[in-house]
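A short worksheet on the structure shown next.
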Amino acid sequence: MNLHNWMAISPEIFLLIMACTVALVDLFVVDAQRRLTFWLTQGSLAVVAWLRLSSLFGGETLYALNNMVVVDPMGQLLGLVATLAVMASIVYAQPYLYPRAMLKGEFFVLAMMVLLGINVMVSANHLLVVYLGLEVMSLSLYALVALRRDDGEATEAAMKYFVLGAIASGFLLYGLSMIYGATGTLVISEVLSLLVQGNINSMVLVFGLVFIVAGLGFKLGVAPFHMWVPDVYQGAPTAISVLIAGAPKLAAFGICIRLLVEGLLSMVVEWQQMIMVMAVASLVIGNLAAIAQTNLKRMLAYSAIGQIGFMLLGLTSGVVSGHTLLAGNAYSSALFYLLTYVLTTVGSFGLIMLLSRDGFEAENLSDFAGLGVRKPWMAAAMTVFMFSLAGIPPTMGFYAKFAVLQSLITTNVPSYFVLALIAVLMSLIAAFYYLRVIKVMYFDESTLPVLKESTRGADVLLMLNASAVLILGLMPSGLIAVCRDVIVRSLAS
């Protein structure tokens, strides 16, 4: 193996080594707050983020390990944002886990392994590497959900997640095996060239595509593969819910682009139609079901189904009438929407954790009553997050929704106009339950005691998180340009 191969996977190698190091070092840590483990983990993730950032803008697309791995701008951006999301999740989680006797070395190691799986997935150019990364991420998440072994609700959520996740992984693996059987290759870039040449059994390919889309739908948590989302989000400890809700969505988006766009572009008519159905179903089911929820984590779970459904609309408009002229705009709008969702969702769950540290789980909507009086700055941060999820200016979420709707309308195809109309109507419905949270915080009286001071580091991060959502809403052009640049450069290679 030459130096080129080692450098291509240096973030993954470093992350694996440091995960093992953290596991060993934590054996000798006697501090109940795990300060050494925490800072060693954060330092390791900071190095991974730096490795990704240093190669994001200047680096060219590289293929390594016999074309099994691709290092391109899209993978670097997804890996960078996933690393930052996990770092933020760990900061929010520390004051939440400590009073519950859950702040153990296993949490930090498994969080790093989740990130390792994500990094493998976004850099995959081989069907088995995709599956390898998926399993590393998924198995780590299953273990994290069951981290609180004495909690029946968390154990039930872990069992549901594991069983349904195993079925979805089987779907995806079966679909990948059919693609291999039809083409005779496991390299994603070679699959595309073989499909373009023709002489492939189309029936086998269509069946394989159906199983692949079903597996991806589960990992994204979209209808009709959404059954696990509300139960797992609610049943898992909030510190684990944020790890499920944030960074893994970036990995799922990455393999959607790798498999569907870079590998199966010649079957774009088939998979775009399937994604359209999933997107509309997710928008309708997610937003209508969220209205009836009083548990905030469950509401955010149904909200996530609708939000990811909105993002999928961007993937449906990349190829219109056989032309790929709009691909860069469509896929970059979907990427920008996903980055917005992750940034906002991590902050929302982080705020729930900061409110939960006083001996109760601040999961119910009533727990936020009077927050505008008890903690005005927390209420202000939650208002920014809810405005962003609802798509209200001047937050980041408004421009994310606008970018996806623009990608649909610029196709000049009536069916896409209908999709845009459905998306707008569902966004209006979603605004009700997002604004309801704000109404409860500022207009309902609270019977809860005055909140104690929370951890300063988490407080600062929460304000930075909310400020980022607001500032990127006021000045979105820079991040939009980065998303477009990485998509165009990655697809061109």
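Worth knowing before you read on, the calculation uses all heavy atoms, side chains too, and leaves out hydrogens, waters and symmetry mates. Note that the coordinates shown come from a computational prediction; the quantities given were computed from them, not determined experimentally.
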For the pair [X] (side chain) and [Y] (backbone), establish whether a donor and an acceptor sit closer than 3.5 Å, ignoring hydrogens and angles.
X      : Y      : result
Lys297 : Ala236 : yes
Ser54  : Leu51  : yes
Gln234 : Asn295 : no
Ser282 : Ala223 : yes
Gln42  : Met87  : yes
Ser138 : Leu134 : yes
Glu190 : Leu186 : no
Trp50  : Leu45  : no
Asn364 : Asp367 : no
Ser388 : Phe385 : no

Inspect the surroundings of [atom1] in [X] and state if more than 12 heavy atoms from other residues, nucleotides or ligands are less than 6.0 Å away.
X      : atom1 : value
Asp31  : CG    : yes
Phe162 : CZ    : no
Tyr174 : OH    : no
Met463 : CE    : yes
Tyr434 : OH    : yes
Tyr180 : OH    : no

[X] and side chain to side chain contact (heavy atoms under 4.5 Å, CB included): which partner among [options]?
X      : options                        : value
Ser189 : Thr185, Val191, Val187         : Val187
Phe349 : Thr344, Leu354, Leu296, Val242 : Val242
Ile13  : Leu15, Ile17, Leu16            : Ile17
Tyr92  : Leu351, Thr238, Asn465, Leu97  : Asn465

ask   = Parallel, tilted or perpendicular: which fits the ring planes of Tyr161 and Trp228, with parallel below 30° and perpendicular above 60°?
value =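 The rings of Tyr161 and Trp228 lie parallel, inter-plane angle below 30°.
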So which atom in [X] and which in [Y] form the shortest heavy-atom distance, rounded to 0.1 Å?
X      : Y      : answer
Leu312 : Ile275 : O-CG2, 3.7 Å
Ala290 : Arg436 : O-NH2, 3.9 Å
Gly254 : Leu78  : CA-CD1, 3.7 Å
Glu262 : Ser490 : OE2-O, 4.4 Å
Gly309 : Val222 : N-CG1, 4.3 Å
Ser140 : Leu110 : CB-O, 3.8 Å

Using 4.0 Å as the upper bound for N to carboxylate O, is an ion pair formed by [Y] and [X]?
X     : Y      : result
Arg34 : Glu106 : no
Asp72 : Arg258 : yes
Asp26 : Lys104 : no

inquiry  = Before you tell me yes or no, could you show the steps for Leu371 and Leu355 under side-chain contact (heavy atoms from CB on, under 4.5 Å), namely the whole-Å CA-CA distance, both residues' side-chain angles and the distance that decides it to 0.1 Å?
reply    = CA-CA 10 Å; Leu371 189 64; Leu355 290 178; 3.8 Å; yes
key: Residue pair Gln76, Val486: steps toward the side-chain contact (heavy atoms from CB on, under 4.5 Å) verdict   = CA-CA 9 Å; Gln76 300 287 21; Val486 300; over 6 Å; no
ask   = Does Arg100 make a cation-pi contact with Tyr96 (under 6.0 Å, within 45 degrees of the axis)?
value =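 Flagged: Arg100 positioned over aromatic ring of Tyr96.
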request  = Cation-pi check, Lys401 to Phe310: give yes when NZ or CZ is under 6.0 Å from the six-membered ring centre and within 45° of the ring axis, no otherwise.
outcome  = yes
ask   = Hey, are Tyr433 and Asn287 close enough side-chain-wise for a donor-acceptor pair under 3.5 Å?
value =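 On atom types as modelled, these side chains qualify, holding a pair under 3.5 Å.
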request  = Carefully, step by step, assess Ile118 and Thr83 under the rule side-chain contact (heavy atoms from CB on, under 4.5 Å).
outcome  = CA-CA 9 Å; Ile118 292 170; Thr83 304; over 6 Å; no
request  = Kindly determine whether Leu250 and Val81 satisfy side-chain contact (heavy atoms from CB on, under 4.5 Å), including the steps that lead there.
outcome  = CA-CA 8 Å; Leu250 297 164; Val81 178; 3.8 Å; yes
ask   = Once you round to the nearest 0.5 Å, how far does CG of Leu315 lie from CD1 of Ile257?
value =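 Separation between the atoms: 5.5 Å.
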